[in-house]
Number of protein chains: 2
Amino acid sequence: MPELRDLRSVVVLAEELHFGRAAARLGISASALSRRVRAVEAELGVVLFERTSRTVELTEAGRELATRLPAALRQLDRALAAARWHSDGGWQV
Amino acid sequence: MPELRDLRSVVVLAEELHFGRAAARLGISASALSRRVRAVEAELGVVLFERTSRTVELTEAGRELATRLPAALRQLDRALAAARWHSDGGWQV
DNA sequence: GAAGGTTACGCACAACGTAAACATG
DNA sequence: CATGTTTACGTTGTGCGTAACCTTC
């Protein structure tokens with residue numbers, strides 16, 4: 001029930017461990033990112049990041065998710081790319 | 001850029017090949033489904049379904065996508081499940 | 001003329017940015 | 001007290017259902 005946008009946000013935040021930088025990379029405000037991540041955590045029923053107002057760290061669950069998501073998202077992108085390719089002629093057999 | 005909701009809709013429609021039934025399974029109206037699918041096609045720049053007002057069929061690109069998506073979506077769900085599991089105690093080592 | 005897909009239209013909810021608030025090093 | 005995350009608030013845009021429309025058998 002989290003959407004792709006939300007999952008990609010989690011991945012970027014896991015890389016940056018900083019809401020400001022991650023939000024900039026995503027082209028949204030830090031507060032928007034904060035809300036997105038909290039929403040994901042609420043939907044999953046899992047805390048992914050341990051925040052203090054000075055630091056952001058991954059929890060065990062967050063690390064697990066951040067580890068597995070990129071491959072899953074790439075596979076998804078490959079499926080979409082395959083569909084595009086099939087329309088743009090394919091081998092033109 | 002299509003979201004998960006949209007991709008799942010494509011999968012269901014590919015299974016049903018009928019907007020009414022697919023929409024019912026998704027818990028939305030047929031018109032909403034029609035719009036979702038058209039939006040996906042526009043974003044991908046690919047026609048996925050060949051519609052007449054009597055039949056719905058998969059195009060080559062649509063078949064390709066419908067074939068690859070389920071596995072990709074499952075992998076994504078596994079990533080989410082893994083995160084959940086990690087929080088709910090794991091092995092409680 | 002019935003069944004099924006699409007377009008028009010009005011509305012409601014979700015998501016955003018700005019700004020203020022709060023916490024921590 | 002500077003840096004960085006979160007909450008409040010008002011606004012906008014996205015997505016929906018209902019209903020009307022068009023096409024095909």
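Bear in mind the structure is a predicted one, so any value in this text is a computation, not a measurement. Protein chains get the first letters and strands the later ones, always in sequence-line order, with residue 1 at the start of each.
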Between atom [atom1] in [X] and atom [atom2] in [N], what is the gap in whole Å?
X     : N     : atom1 : atom2 : answer
B:L33 : C:dT6 : CG    : C1'   : 12 Å
A:F49 : D:dT6 : CZ    : C1'   : 16 Å
A:L17 : D:dT5 : CG    : C1'   : 14 Å

Given [options], identify the nucleotide with an atom nearest to the side chain of [X].
X     : options               : result
B:R54 : D:dG4, C:dT18, D:dT24 : D:dT24
A:S31 : C:dT18, C:dT7, D:dG17 : C:dT18
A:R5  : D:dA8, D:dT5, C:dA15  : C:dA15

When the rotation axes relating C1' atoms of four end pairs to the next four are compared across the helix from C:dG1-D:dC25 to C:dG25-D:dC1, five pairs an end, they differ to 10° by 30°

Checklist entry - Got a salt bridge between B:R25 and B:E15, using NZ or NE/NH1/NH2 to carboxylate O under 4.0 Å? => result yes

Between B:A30 and A:A30, whichever has its closest DNA chain C nucleotide further toward 5' is B:A30

By nearest-nucleotide position on DNA chain C, the 5'-leaning member of B:H18 and B:R35 is B:H18

Review point. When you measure from the side chain of A:R21 to the backbone N and O of A:F19, does any donor-acceptor pair fall under 3.5 Å?
Key: no

- request: Return yes if some donor-acceptor pair links the side-chain N/O of A:E64 with the main-chain N/O of A:T59 below 3.5 Å, else return no.
  value: no

### Query
Can you check side chain to side chain contact (heavy atoms under 4.5 Å, CB included) on B:L33 and B:L26, steps first, answer last?
CA-CA 9 Å; B:L33 177 58; B:L26 292 164; 3.8 Å; yes

TODO: Go through the side-chain N and O atoms of A:T55 and A:T52 and say whether any donor and acceptor fall under 3.5 Å apart.
DONE: yes

Does [X] reach a base, just sugar-phosphate, or nothing at all? Heavy atoms under 4.0 Å.
X     : answer
A:R38 : sugar-phosphate
A:T52 : sugar-phosphate
A:R36 : sugar-phosphate

So, does A:S53 get its side chain near the phosphate of D:dT5, meaning an N or O under 4.0 Å from OP1 or OP2? no

Exercise for review: Would you kindly confirm whether B:L73 and B:V40 end up in one hydrophobic cluster when ILVMFWY residues are joined by side chain heavy atoms under 4.5 Å apart?
Suggested key: yes

